[in-house]
Amino acid sequence: MLRQLNQSQAPQKHGLAAGTDQRPERPDWTIDQGWDTYTAQEHAVWKTLFERQSRLLPGRACDPFVHGMSELPIGSDQIPDFRRLSDTLLKRTGWQVVAVPGLVPDEVFFEHLANRRFPAGHFIRKPQQLDYLEEPDVFHDVFGHVPLLMNPAIADYIQAYGQGGLRAQKLGVLDKLARVYWYTVEFGLVQQKDGLRIYGAGIASSATESVFSLDDTSPNRLRFDVERVMRTRYRIDDFQETYFVIGDLDELLDLARIDFAPLYERAMGQPEFEPGDVLPTDRVVTRGTGRYHAAKRRG
Ligand code: HBI
Ligand code: FE
């Protein structure tokens with residue numbers, strides 16, 4: 001089954017994906033969500049995706065994700081109204097959800113995050129492309145990302161990522177910072193007392209990767225280390241070969257507070273790692289067989 005591409009694949013597209021070549025209505029690329037214009041079929045696609053993930057995620061999604069979801073006006077029958085999501089989020093962590101046509105240029109994206117505005121695709125995928133996505137749609141962005149914006153650590157971390165992104169661009173090290181976002185906010189795992197759990201939106205919104213990331217023997221699962229991750233390439237078109245594990249979402253709060261400049265300095269000129277590499281210095285949670293990607297390479 002083709003995999004759901006993720007908006008952080010955007011670094012390759014630098015914000016302008018296929019089909020969003022129209023000029024933005026506003027300088028910040030936001031549009032009205034147009035909630036009243038969604039068709040019954042679009043709401044039905046949401047329902048299919050929501051019910052599928054709701055069957056899969058118990059015991060797989062981390063507790064803060066489940067908790068955040070339960071406190072938000074996100075239901076099975078309809079695509080959520082961003083105004084109602086923002087009402088709840090603003091009170092809890094000061095975040096809002098704003099509608100955008102799709103991928104937006106990096107600096108626009110970072111500017112929104114730095115101001116606690118989460119840009120969410122207003123559109124939803126077609127019924128025939130439930131598992132494959134050219135760019136982030138409302139299910140990926142709202143079901144995958146928004147529940148954890150209710151968590152104070154994630155709320156601060158993603159704002160700091162926005163601020164850091166604007167700086168990283170100026171320093172020419174965006175690719176290193178994008179990897180940190182990728183292996184945490186998009187594809188991160190967290191070690192709970194009762195086992196490994198998903199917090200990455202790219203996994204939480206994907207039926208196939210929700211299972212692969214936790215249950216399959218193929219991927220590596222390594223303890224997160226920011227300098228290691230900064231130097232680790234990632235897959236943009238298939239399951240990850242390695243997932244990085246944090247001990248608690250609050251670890252990201254520490255990351256939000258440190259100055260990345262010395263880390264960029266140290267990473268410069270150092271060798272980079274392939275997605276499937278396991279280093280002698282890695283703290284290995286599970287060493288994968290690599291069988292899934294090896295089979296794909298054989299074709
Ligand atoms: N645009 N709408 C949207 N959503 C994203 O997640 C996004 C984007 N543009 C750029 C981007 N992500 C990435 O290039 C950055 O995370 C590096
Ligand atoms: Fe995402």
Side-chain angles (χ1 to χ4, degrees), residues 3-22 24-31 33 49 53 61 65 68 82 95-125 132-149 154 157-188 198-206 209-210 213 229-230 233-237 240 252 260 264:
R3 258 242 320 110
Q4 173 176 331
L5 282 175
N6 186 279
Q7 76 270 3
S8 295
Q9 281 113 36
Q12 282 65 29
K13 297 178 216 149
H14 286 289
L16 286 178
T20 54
D21 52 3
Q22 80 275 7
E25 289 173 26
R26 304 172 194 145
D28 67 358
W29 287 64
T30 56
I31 57 174
Q33 180 184 10
L49 293 166
Q53 286 312 96
F65 182 94
F82 294 2
W95 275 86
Q96 297 174 74
V97 180
V98 292
V100 289
L103 291 172
V104 302
D106 289 345
E107 59 282 354
V108 172
F109 183 63
F110 294 131
E111 180 66 24
H112 280 302
L113 297 187
N115 291 284
R116 296 204 176 215
R117 292 188 301 267
F118 193 83
H122 76 102
F123 70 98
I124 194 156
R125 66 198 76 179
Y132 183 80
L133 212 53
E134 255 297 293
E135 53 185 310
D137 73 340
V138 65
F139 188 75
H140 171 91
D141 280 325
V142 171
F143 186 95
H145 282 285
V146 170
L148 281 180
L149 290 177
I154 296 284
Y157 176 65
I158 296 187
Q159 179 183 26
Y161 174 74
Q163 293 161 335
L166 294 166
R167 280 183 63 218
Q169 272 187 313
K170 294 184 179 67
L171 294 170
V173 290
L174 177 54
D175 56 335
K176 292 181 176 48
L177 183 64
R179 289 168 179 167
V180 177
Y181 184 82
W182 178 271
Y183 281 117
T184 54
V185 173
E186 292 301 350
F187 290 95
I198 296 162
Y199 74 92
I203 310 177
S205 59
S206 161
E209 198 144 12
S210 296
S213 64
V229 163
M230 239 180 214
R233 296 192 187 96
Y234 53 79
R235 305 297 301 254
I236 63 163
D237 56 355
Q240 296 311 303
L252 297 175
F260 272 38
Y264 296 140

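We count ligands from 1, going down the list as the structure has it; atoms in each ligand are counted the same way. On a predicted model such as this, the values are computed, not experimentally measured, just so you know.
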Let me see the working for I198 and F187 under side chain to side chain contact (heavy atoms under 4.5 Å, CB included), right down to the final yes or no.
CA-CA 8 Å; I198 296 162; F187 290 95; over 6 Å; no

Could you walk me through whether Q240 and R235 pass side-chain hydrogen bond (donor to acceptor under 3.5 Å, both in side chains), step by step?
CA-CA 6 Å; Q240 296 311 303; R235 305 297 301 254; over 6 Å; no

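Heavy-atom separations between Y161 and ligand 1 include at least one value shorter than 4.0 Å. Ligand 1 is never approached by W29 to a heavy-atom distance shorter than 4.0 Å.
Using bins of under 30°, 30° to 60° and over 60° for the plane-to-plane angle, the ring pair Y264/F260 lands in the perpendicular bin. Taking the six-membered ring where the residue is Trp, F110 and Y161 present perpendicular rings, their angle passing 60° and hence far from 30°.
The distance between the ring centers of H112 and F118 does not fall below 6.0 angstrom.
Here is the list of ligand 1 atoms found below 4.0 Å of a heavy atom in D106: 10 (C), 11 (C), 13 (C), 14 (O).
For the pair Y181 and ligand 1, the shortest N or O to N or O distance does not fall below 3.5 Å. At least one N or O atom of G102 sits closer than 3.5 Å to an N or O atom of ligand 1. In terms of N/O distances under 3.5 Å, ligand 1 is approached by V104.
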